Structures are given as C-alpha cells and as structure tokens.
Amino acid sequence: MRTPHMVLLLGAALVWAASHAHAANPEAKLAYQQARDAAGAEYKNARARCNAITGNPKKLCVAEAKAANVHAEETARARYEDTLKSYTRARVRIASANYDRDQVRCAGMTGNEKDVCKAQAKAVLVAAEADARADQKSIEARNEARDDKMGAAYRVEMEKCDAYAGAAKDQCVTAAKTAFDK
C-alpha cells in the first residue's frame, strides 16, 4: 500500500543509506527556499478558493489547504536538512496536520458517525507517528549493524596484515585502510 508516510520512509531510507552530508550548498538552500515559496503561494491560492465557500465546507477547505502546506514545507525541509531525524520529524508533523484536517472533517458529522470519525482520525495519527519513530529506530539499528560489520571486517583485514613484514605489511595496511575508508 502506497501512502505518503511510506513514500517519506522510502526517501529517508535511501538518503540515510547513502550517508549524504547536510545540504549546506547554495543550490540546496535555493531549492529549499523555492519549495517553501511555492508552498506558500499554493497555500494562499487555496485559501482564496476557500473564501468562496461558507460554513463547515469552508473550514474543511482551509484545513485541507493547511495540511497541504505543511506537507510541502516539511518535505522540502527534510530534503534540505537531509537527516533521518528531519525525515522523521516531517512525517510526524505531516501526520499531525492530517489529523487536524480530519478533526475538521469530523466536525461536520453528527452522532455515532462523528465519534467513529474522530476515533479513526486519532488511530491514523497514532499509527503514523508510531510508524515514523519505529522506522527511524529500524534504520538506525541497520546502520549501526552495518558499521559493526564493517569494523569487524576491518579488524580481520588488519589481522591478516600481521602475517607480513616491512613494505609488504605497510602495503597491506594501506590497502585495508583504503578499502574500509579508514
């Protein structure tokens, strides 16, 4: 099932696995600013469309515009910061914005239908937040395991070098350090 949080998870996993550094270059900052500006402009346009509507549909329209704005801004911020923590924070904030939108949607209902709607909205929020945090922990654990494996393999290679002496040992050590980026 493809959902927005799964797309963000995939993006976070790919970015984290590639171990990119923080996007501090001017192009990345410019792209981030442009994405934020575009999100702000789209939000203003959506709000203007909402002004033609009255009552609860207007409130829902505004809530949907806010949720779309939060989604666009948080996605841009996560891409700019390019860290696992920023992707997780973005997923949690997007889930919260979607929850606020769903609360407004539920306000237009009555009776049991309203109660069920609110409970379902809360369940979706809790699930999205839990998934975001669990995915973060899972990715961190995989990265830690990868680092441990690489460290162990490096130690094995260095141990193999102990069988040599002189220039051959130096060459072996240099090759091991190069192979393991040490």
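Computed over heavy atoms, backbone and side chain alike; hydrogens, waters and symmetry mates excluded. Quick caveat, the model's predicted, so the values are computed rather than measured.
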**Item:** Whether Ser86 side chain and Thr83 backbone form a donor-acceptor pair below 3.5 Å
**Value:** yes
**Asked** With the threshold set at 4.0 Å, does a side-chain nitrogen-carboxylate oxygen contact exist between Lys137 and Glu140?
**Response** no
**Message:** Could you measure the distance from the OH atom of Tyr32 to the CG atom of Asp37? Nearest 0.5 Å is fine.
**Reply:** 10.0 Å
**Message:** So does Ala134 get a backbone contact from the side chain of Ser138, meaning a donor-acceptor N/O pair under 3.5 Å?
**Reply:** no
**Request:** State the CE-NZ distance between Met150 and Lys182, to the nearest 0.5 angstrom.
**Result:** 8.0 Å
**Request:** Give the intermediate values and the outcome of side-chain contact (heavy atoms from CB on, under 4.5 Å) for residues Glu42 and Asn69.
**Result:** CA-CA 8 Å; Glu42 179 58 32; Asn69 185 50; over 6 Å; no
**Complete:** Value for CD (Glu64) from CG (Asn98), rounded to nearest 0.5 Å, stands at 10.0 Å
**Prompt:** Between CD of Glu81 and OH of Tyr87, what distance do you get to the nearest 0.5 Å?
**Reply:** 10.0 Å
**Message:** Using a 3.5 Å distance criterion without hydrogens, assess whether the side chain of Ser96 forms a donor-acceptor pair with backbone atoms of Val92.
**Reply:** no
**Prompt:** Going by heavy atoms in the side chains, are Arg101 and Lys66 under 4.5 Å from each other?
**Reply:** no
**Request:** Output the distance between atom CD (Glu129) and atom CD1 (Ile94), rounded to the nearest 0.5 Å.
**Result:** 12.0 Å
**Message:** With a 4.0 Å cut-off on N to O distance, would you call Arg91 and Asp131 a salt bridge?
**Reply:** no
**Asp102 CG to Lys122 NZ distance, which is reported to the nearest 0.5 Å** = 12.0 Å
